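The structure appears below as structure tokens.
All heavy atoms count here, side chains included; hydrogens, waters and symmetry mates do not. All values derive from a computational prediction rather than experimental measurement.
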Amino acid sequence: MSITEENPVREESAPVDAAPPSDGSRARAAGLRALRERVQAGPGEQATAAQHAKGKLTARERLALLFDPGTFVETEPFRRHRATGFGLETKRPHTDGVLTGWGRVNGRTVFAYAHDFRIFGGALGEAHAQKIHKVMDLAEKAGAPVVGLCDGAGARIQEGVTALAGYGGIFQRNVRNSGVIPQISVIMGPCAGGAAYSPALTDFVFMVKGTSQMFITGPDVVQAVTGEEITHEALGGADVHATTSGVAGFTYDNEECCLRDVRHLLGYLPANNRELPPAEPTCDAADRRTEALLDIVPADPNRSYDVTRVIEEIVDHGEYFEVHERWAPNVVCALARMDGRVVGIVANQPARLAGVLDIESSEKAARFVQMCDSFNIPLVTLVDVPGFLPGVGQEHGGVIRHGAKLLYAYCNATVPRVQLILRKAYGGAYIVMDSRSIGTDVSLAWPVNEIAVMGAEAAAGVVFRREIAASPDPEATRAERIKEYRDELMHPYYAAERGLVDDVIDPAETRAVLIRTLAMLRDKHAPLPSRKHGNQPQ
């Protein structure tokens with residue numbers, strides 16, 4: 001064989017299967033252990049103390065709380081950036097400011113990345129981004145959830161456009177994995193500028209009060225451009241995003257409680273969209289009667305009550321996990337179990353704004369319905385709605401297109417869907433709340449239900465307006481016509497007689513009937529038309 005560059009002569013060496021000298025292997029293994037210990041120790045006690053002084057845990061401490069003990073496997077712990085200029089060439093710490101890997105949460109595989117604020121303030125550079133890209137790609141291939149523990153100062157300014165491109169790669173993966181694997185963002189420090197868009201693309205956002213903030217432009221820029229003075233917390237703190245913007249679904253006083261509930265939420269979700277949510281054994285009988293419901297919900301449609309008490313009565317052991325509890329509280333969205341199986345519950349809340357639908361509640365419920373449909377979670381819709389909130393602000397704010405989001409989400413959902421009308425269901429809001437006409441699989445109602453275009457008082461005022469005005473006793477005529485309208489069109493069995501309600505049930509049998517109905521629908525198959533994707537209302 002001729003000697004060429006492709007086939008160079010190899011020097012004599014030991015046989016391939018010969019073991020290297022034992023002392024060399026032991027020394028190198030010891031060196032590896034020492035290096036790994038230095039990497040795990042991080043940048044030093046002073047940096048760790050500074051992190052703790054802010055009321056924040058380190059990235060490794062957070063991962064230890066998220067994963068089952070001893071199960072976290074770190075990827076690329078020795079990664080270092082290759083950037084030069086602005087002094088970066090002399091600062092090349094291992095991990096490059098982000099920890100990535102996988103482990104077990106309640107025995108199930110979960111992937112995660114955690115910004116290490118002690119290194120470059122958790123700022124994202126090229127190597128940092130590539131580590132996140134890789135762990136997101138692994139999560140996609142493995143078909144397992146990914147959790148991002150965010151505590152970073154945004155893009156690494158010294159690396160310029162390569163840092164920005166790194167964010168683009170994260171966003172692209174967020175979108176590609178949307179509805180494929182659960183994605184959870186946990187904000188545990190600053191998350192500003194372009195970095196804030198990744199959490200916005202994920203399924204759930206957790207925040208910690210006092211230490212986490214999210215905003216596109218910070219207070220200094222806001223003041224320079226608009227003249228408004230505002231603090232970091234008032235601009236993008238946990239309370240703001242939990243009550244005003246709706247960005248945060250969950251808020252906590254400390255990181256330990258926050259991460260505990262991240263673990264809890266993962267217990268309700270399947271690993272990916274090809275699996276069903278995990279079922280758990282329960283000692284709460286499926287046929288348990290719910291007599292308390294006869295007293296919780298007043299027959300008078302004008303009296304208020306707390307719908308969460310209804311939810312507590314029908315779900316296993318009264319336990320549920322509410323999403324966006326502090327935002328748009330006139331609708332309740334919660335994950336729970338019935339007979340050990342996960343369900344998503346959407347319920348009008350008469351205790352807040354009489355349970356009307358408005359811009360924010362429509363958007364909140366639509367997002368929740370879409371999430372449940374993505375991850376094979378059956379939907380139970382509890383209806384007690386007087387309509388959409390009237391007003392110039394609502395109309396100008398786009399209540400039409402926001403209400404259409406909820407309508408679109410329900411119409412597009414292929415999971416088992418059960419509607420239960422607790423009391424009143426008026427107008428377009430009745431249709432939107434997963435009515436028979438938009439495809440719910442089974443519609444049930446209690447014997448106090450009222451389904452109509454509007455309430456009897458308003459309807460009589462429209463239909464019999466002239467007669468009432470011409471009557472010698474308008475009030476008596478009005479009362480008579482209200483009774484006539486209610487007796488003719490709003491009695492509990494009117495919709496059932498026309499097939500728009502499948503059955504009128506005893507409230508005390510609600511849990512048993514719902515569980516039986518969901519069991520019947522468990523193998524539901526409802527293919528959608530062939531299309532690239534729908535054009536959802538914006």
Side-chain angles (χ1 to χ4, degrees), residues 297 301 304-305 307-308 310-311 314 322-324 328-334 336 343-373 377-390 394 399-446 448-455 490 492 494-496 498-505 510 514 517-518 537:
V297 180
S304 178
Y305 66 93
V307 78
T308 62
V310 176
I311 296 172
I314 64 176
E322 188 171 352
V323 181
H324 286 295
N330 41 319
V331 68
V332 173
C333 298
V343 296
I345 298 175
V346 179
N348 303 114
Q349 174 57 291
R352 304 299 291 267
L353 292 177
V356 297
L357 287 177
D358 58 4
I359 289 172
E360 291 185 345
S361 60
S362 297
E363 189 167 348
K364 169 182 170 178
R367 175 74 169 170
F368 182 77
V369 168
Q370 187 170 275
M371 184 279 300
C372 288
D373 188 50
I377 300 173
L379 287 161
V380 174
T381 303
L382 306 179
V383 184
D384 190 348
V385 62
F388 279 93
L389 181 65
Q394 287 289 305
V399 69
I400 294 173
R401 61 186 175 86
H402 288 285
K405 292 179 182 178
L406 180 53
L407 183 61
Y408 188 101
Y410 269 126
C411 290
N412 201 50
T414 61
V415 292
R417 294 155 51 188
V418 180
Q419 179 198 47
L420 173 61
I421 300 166
L422 304 181
R423 199 168 56 170
K424 59 185 177 295
Y426 297 158
Y430 153 68
I431 302 172
V432 169
M433 289 295 292
D434 204 19
S435 64
R436 165 64 79 182
S437 59
I438 66 168
T440 195
D441 298 300
V442 175
S443 178
L444 305 168
W446 284 355
V448 294
N449 81 84
E450 293 183 353
I451 305 174
V453 175
M454 60 183 69
M490 297 181 64
Y494 185 84
R498 286 152 181 80
L500 297 175
V501 167
D502 294 294
D503 196 10
V504 179
I505 66 171
T510 299
L514 287 175
T517 303
L518 290 168

Just jot down the side-chain contact (heavy atoms from CB on, under 4.5 Å) partners of A496, sequence neighbours excluded, or say none.
V501, V504

Do you know the tightest heavy-atom contact between I359 and Q394?
N-OE1, 3.0 Å

Those residues at least two apart in sequence (or on a different chain) that pass side chain to side chain donor-acceptor pair (under 3.5 Å) with Y305 are D384

Check whether any side-chain heavy atom of L382 sits under 4.5 Å from a side-chain heavy atom of I314, and report yes or no.
yes

Which residues satisfy the side chain to side chain donor-acceptor pair (under 3.5 Å) test with N330, sequence neighbours excluded?
D358, S361

Looking at F388 and S362, what are the two nearest heavy atoms and their distance?
CE2-OG, 3.7 Å

Measure the shortest side-chain to side-chain distance between I505 and T510 over non-hydrogen atoms and say whether it is less than 4.5 angstrom.
yes

Looking only at heavy atoms, which two atoms of A334 and F368 are closest? And how far apart?
O-CZ, 3.3 Å

Measure across P386 and A354 and return the closest heavy-atom pair with its distance rounded to 0.1 Å.
CD-O, 3.4 Å

Who passes side-chain contact (heavy atoms from CB on, under 4.5 Å) against L407, sequence neighbours left out?
C411, V432, I438

Donor-acceptor pair between S443 and D502 side chains, under 3.5 angstrom
no

Heavy-atom check, side chain of L514 versus side chain of L444, under 4.5 Å
yes

Can you tell if the side chain of S435 reaches within under 4.5 Å of the side chain of Q419, non-hydrogen atoms only?
yes

Can you list the residues that meet the salt bridge (Lys or Arg N to Asp or Glu O under 4.0 Å) rule with K364, with sequence neighbours excluded?
none

Going by side-chain contact (heavy atoms from CB on, under 4.5 Å), name the residues that satisfy it together with Y494, two or more places apart in sequence or in a different chain.
L489, H491, R498

By side chain to side chain donor-acceptor pair (under 3.5 Å), which residues pair with Y410, not counting sequence neighbours?
T381

Would you check if S437 and I431 make a side-chain contact, meaning some heavy-atom pair closer than 4.5 Å?
yes

E360: which residues meet the side chain to side chain donor-acceptor pair (under 3.5 Å) condition with it, sequence neighbours left out?
W327

Can you tell me which residue pairs pass the salt bridge (charged side-chain N to carboxylate O under 4.0 Å, His left out) test with a partner in residues 401-415, sequence neighbours excluded?
E363-K405

Counterpart residues, salt bridge (Lys or Arg N to Asp or Glu O under 4.0 Å), relative to D373 (two or more places apart)
none

Just wondering, do V307 and N348 contact through their side chains at under 4.5 Å, heavy atoms?
no

L379 versus A413, closest heavy-atom pair with distance
CD1-CB, 4.4 Å

Please tell me if the side chains of V380 and L518 come closer than 4.5 Å, counting only heavy atoms from C-beta onward.
yes

Are side-chain heavy atoms of L357 and L389 found at a separation under 4.5 Å?
no

The side chain to side chain contact (heavy atoms under 4.5 Å, CB included) partner of P329 among E322, Q349, R352 is R352

Counterpart residues, ring pair (Phe, Tyr, Trp, His ring centres under 6.0 Å), relative to Y426 (two or more places apart):
none

Under 3.5 Å donor-acceptor, Q370 side chain and A409 backbone
no

Verify side chain to side chain contact (heavy atoms under 4.5 Å, CB included) between V418 and D441, making sure each step is shown before the conclusion.
CA-CA 6 Å; V418 180; D441 298 300; 5.7 Å; no

side-chain contact (heavy atoms from CB on, under 4.5 Å) against A425, all qualifying residues, sequence neighbours excluded
V383, I421, Y430, I451

